[in-house]
Trainee: 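After the structure tokens below, expect a handful of questions from me.
Below, all heavy atoms of this structure are taken into account, side chains as well, without hydrogens, waters or symmetry copies. In what follows, chains carry the letters A, B, and so on, assigned in the order in which the sequence lines appear, proteins first and then strands, with residues in each chain numbered from 1.
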4 protein chains.
Amino acid sequence: MAPFDPERERAILDATMELLSEVGYDRMSIDQIAKRAKASKATIYRRWQGKPELVVDVICRRFDMDGPEGADTGSLRGDLAAVFRGLCETVERKHTLIIGLSSTLLSHQELARTLRAHLHARDFDAVREPVERAVKRRELAGPVDARRLFTIAEALVWHRMIFAGPPFGPEFVAESVDGVLMPLVTAWSTA
Amino acid sequence: MAPFDPERERAILDATMELLSEVGYDRMSIDQIAKRAKASKATIYRRWQGKPELVVDVICRRFDMDGPEGADTGSLRGDLAAVFRGLCETVERKHTLIIGLSSTLLSHQELARTLRAHLHARDFDAVREPVERAVKRRELAGPVDARRLFTIAEALVWHRMIFAGPPFGPEFVAESVDGVLMPLVTAWSTA
Amino acid sequence: MAPFDPERERAILDATMELLSEVGYDRMSIDQIAKRAKASKATIYRRWQGKPELVVDVICRRFDMDGPEGADTGSLRGDLAAVFRGLCETVERKHTLIIGLSSTLLSHQELARTLRAHLHARDFDAVREPVERAVKRRELAGPVDARRLFTIAEALVWHRMIFAGPPFGPEFVAESVDGVLMPLVTAWSTA
Amino acid sequence: MAPFDPERERAILDATMELLSEVGYDRMSIDQIAKRAKASKATIYRRWQGKPELVVDVICRRFDMDGPEGADTGSLRGDLAAVFRGLCETVERKHTLIIGLSSTLLSHQELARTLRAHLHARDFDAVREPVERAVKRRELAGPVDARRLFTIAEALVWHRMIFAGPPFGPEFVAESVDGVLMPLVTAWSTA
DNA sequence: GCCTAATCGAGACGGTACGTCGAGTCTTATT
DNA sequence: AATAAGACTCGACGTACCGTCTCGATTAGGC
């Protein structure tokens, strides 16, 4: 058992996951995690600095975006709407965790960096292909920076998250795609 | 001394302010505040429900937006840039507090509403006038929903705040105004 | 409630007493005491430095010798035997606590002093009167230092305690009184 | 390496000895011993039940009385004083260990027996010869139970140990021998 | 000018969670 | 087969805040 036992790690991460969704970040205690994982607190603290680090690890390992799968709907608008809906789901799924962590992240910059790296990353690809297809289809006049477009989408979702909270209805998706993303991408492609 | 002593209120709010900037929201304790304000914890809890409420009060009273004062620069682009810069400053100034609070807000919806009310409120006006002036000047082809525009601006700033953190350089302002706000407002006005 | 609440103190001391006799010093935890006294650990640590100090306090307040009351039996031998039996009882009653504490006392000299002060103190008187009566009755040729005599008795009991443990049978009392105390006091009085 | 390696045993006992004198029984941990002896905890627990057993073993092997060597001084008083001084030294040397162990011994009767066996054992002989010589010299009127005498001496030293602590000055030796042992042995021999 | 009542400081209280430590067990790789 | 290394469970430790509470002392305005 000389190296860290991966089985214990699993058990602890699993217990953490469960408790996160049952009681939330704030009301979840290390003792609870230990008890549920049939682990000792020492084992937890041997691997992670504290609760925030543990939860960030959970997020990174378990909550990673599954790629919103830019399904090809035939039109740019349809593709963007699909991606946007995926983004809403993802943010909605993680937001409790991330917001629960946020105050801690202020004083743990390194932790914040780690978490950020896992926040966009993969999703970005999901928007590049629809745009490229649209260019090929002549739906767009010229090439467009997909990264920038994705950033705007992300900003819209998080803003909604912060100032209104879930759920994200279809009217929010429609308004965002038709009122912001499409006008923008069109404007950019003709610039 | 029959009514609540307003002097104590001041002392408590001041102490809270100081501690917030010295140690941050999380590591600030009610005991610290009481000691620094030479007040008793009872006095604090008599006026506020708890730490979050107290801090929200501090934010509302002390941190309120000074109105980014959409100075008339003669062009829509200049006006929007001015507003956007003001928004950056405001968010930068408050973000620590707001993020510190955020996890609490998840379980205190009423508190969240109070805070939100103080988050945009006044700023919104600052963007309506530039837009109206631009319409008058024929810089814009038609009327535009200033609220929507302001929301986008806010979303961009908060997104930057969350995923990169301060400071917000001039290139961020330029990119946002030229790459997003101007194209959007133009597109909307011709729709 | 400004000063320390004496009722809580009682409850804590009582709980400590009970647990000491139920599980012994070593296996008694502060958490147990707190739970049984319906007190919080903080309250305990506010008054006492730690477990040893608490237990010493218990000993001092609750276990104090009730004065073995040298009942006047008419003869010096009878009186000494009575005192000696009382001493046996007292030591037997306290020995578990004291031995439980002893290792701690090594590194807490001040605590050790406090405890020692409560170990003989009162008992000493119990042996002075029998001796004085014996002198009056001409049973003893001259005056005798009662303190010294008591010390010998105490030494005998503790030695028995350490090297054999309880119980102390009547043959131990007889042997001690007839074989040691009486010969000694006789020798001293004729010196 | 099939059988238990005696070299490891030595290393462990040595490390235990060192630590006992450096930090005392209570603050010495098995991990420390293991680290210092470059041994593994498993190796320690394979040989000894636990810390108390290990320390008792150390005491038995390393701290055994070297026989206070009842040097023949020509007089019973001189011989007894010599033995008594030796006893003081021995007890002083071991007392930290024994007191450190004492609380554990309460719940480990077998261990207590083992330790007791090593506490008097040899010393007893040291007092028999002086007494026999004194009888031969006609210094004593009749035979005396040396064991009983030794017990009294031991009781005096331990009592002093417990209620005052070291060091044992010459006045303690003088008072004990002249005030207690000599009167007693005289009284016994004429009985 | 006094009295009654509200408010104050101080800080003890029951709780809950923290992060650390030591004991004793068990696993793996080495010798 | 016994070892060194060290991870493991368990449970106690002592600390820090939380939000509630009970004290006297202090200060108001109504008499």
Trainee: Measure CZ/D:R36 against C1'/F:dA4 and give the value in whole Å, please.
Mentor: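 In whole Å, F:dA4 C1' and D:R36 CZ are 18 Å from each other.
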
Trainee: Please tell me which of the listed nucleotides, F:dA4, E:dG15, F:dG19, lies nearest to the side chain of B:K41?
Mentor: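 The closest nucleotide is F:dG19.
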
Trainee: CD1 of C:I30 versus C1' of E:dC18: gap in Å, rounded?
Mentor: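 My rounded result for the distance is 18 Å.
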
Trainee: Should we count CD of A:E110 as having more than 12 external heavy atoms under 6.0 Å?
Mentor: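 Not more than 12 within 6.0 Å, no.
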
Trainee: Identify which nucleotide among F:dA12, F:dC8, E:dG9 has an atom closest to any side-chain atom of A:R8, counting heavy atoms from C-beta outward.
Mentor: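 It is F:dC8.
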
Trainee: The side chain of A:Y45 lies closest to which of these nucleotides: F:dC8, E:dT20, F:dG6?
Mentor: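 So the side chain of A:Y45 is nearest to E:dT20.
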
Trainee: Measure NZ/C:K35 against C1'/E:dT16 and give the value in whole Å, please.
Mentor: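 In whole Å, E:dT16 C1' and C:K35 NZ are 12 Å from each other.
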
Trainee: What's the closest nucleotide to the side chain of D:S40 if the choices are E:dG14, E:dC8, F:dA5?
Mentor: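 Within the option list, the nearest is F:dA5.
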
Trainee: For A:D26 and F:dC17, give me the distance from atom CG to atom P, rounded to whole Å.
Mentor: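 A:D26 atom CG is separated from F:dC17 atom P by 17 Å.
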
Trainee: When you measure from the side chain of B:A42, which nucleotide among E:dG24, E:dC8, F:dT22 comes out closest?
Mentor: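 So the side chain of B:A42 is nearest to F:dT22.
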
Trainee: Would you kindly give the CD-to-P distance between D:E53 and E:dA23, to the nearest whole Å?
Mentor: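 After rounding, the reported distance stands at 13 Å.
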
Trainee: If I take atom CD in residue D:Q32 and atom C1' in nucleotide F:dG6, what distance separates them, rounded to the nearest angstrom?
Mentor: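 It works out to 17 Å between those atoms.
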
Trainee: Assuming nearest nucleotide by heavy-atom distance, tell me which of D:S29 and B:T43 is located more 5' along DNA chain E.
Mentor: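 Its nucleotide being nearer the 5' end, the pick is B:T43.
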
Trainee: Considering only heavy atoms from C-beta outward, does the side chain of A:L111 approach that of A:L115 to under 4.5 Å?
Mentor: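 No - every pair of side-chain heavy atoms lies 4.5 Å or more apart.
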
Trainee: For the side chain of D:R47, counting heavy atoms from C-beta on, which of E:dG9, F:dA2, F:dA7 is nearest?
Mentor: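 Selected nucleotide: F:dA2.
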
Trainee: Run through C:T104, C:T96, C:D26 and flag the one making a side chain to side chain donor-acceptor pair (under 3.5 Å) with D:S103.
Mentor: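 Only match with D:S103 under side chain to side chain donor-acceptor pair (under 3.5 Å): C:D26.
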
Trainee: Just checking D:R27: base, sugar-phosphate only, or nothing, at a heavy-atom cut-off of under 4.0 Å?
Mentor: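 Answer is nothing: D:R27 stays at 4.0 Å or more from every strand.
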
Trainee: Counting heavy atoms not belonging to B:Q49, are there more than 12 under 6.0 Å from its CD?
Mentor: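 Check fails, neighbour count at 12 or below.
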
Trainee: Is there a donor and acceptor pair closer than 3.5 Å between the side chain of B:K38 and the base of E:dG9?
Mentor: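 No such pair is found, so the answer is no.
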
Trainee: When you measure from the side-chain N and O atoms of B:R46 to the phosphate of F:dT20, is any distance below 4.0 Å, counting only OP1 and OP2?
Mentor: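 So the side-chain polar atoms of B:R46 never come under 4.0 Å of the phosphate oxygens OP1 or OP2 of F:dT20.
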
Trainee: Taking atom C1' of E:dT25 as reference, at what distance in whole Å does atom CH2 of D:W48 sit?
Mentor: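 Those two atoms, CH2 and C1', are 18 Å apart.
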
Trainee: Quick check: on DNA chain E, is the nucleotide nearest A:K51 upstream (toward 5') of the one nearest C:I12, or the reverse? Name the residue that is more 5'.
Mentor: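 Mapping each residue to its closest nucleotide by heavy atoms, the 5'-most match is C:I12.
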
Trainee: Give me the atom names and distance for the closest heavy-atom approach of B:K51 to B:Y25.
Mentor: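 Closest approach of B:K51 to B:Y25, heavy atoms only: NZ-O, 2.9 Å.
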
Trainee: Select from D:A39 and B:D31 the residue whose nearest nucleotide in DNA chain F is closer to the 5' end of that strand.
Mentor: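 The answer here is D:A39.
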
Trainee: Whole angstroms only, please: what is the CG-C1' distance between C:L54 and F:dG14?
Mentor: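 These atoms are roughly 14 Å apart.
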
Trainee: Which part of the nucleic acid, if any, lies within reach of A:A34 when heavy atoms closer than 4.0 Å are counted: base, sugar-phosphate only, or nothing?
Mentor: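 The answer is nothing, as A:A34 stays clear of every strand by at least 4.0 Å.
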
Trainee: Could you state the interatomic distance from CD1 (C:I30) to CH2 (C:W48), rounded to the nearest 0.5 Å?
Mentor: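 Spacing of CD1 (C:I30) from CH2 (C:W48) equals 9.5 Å.
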
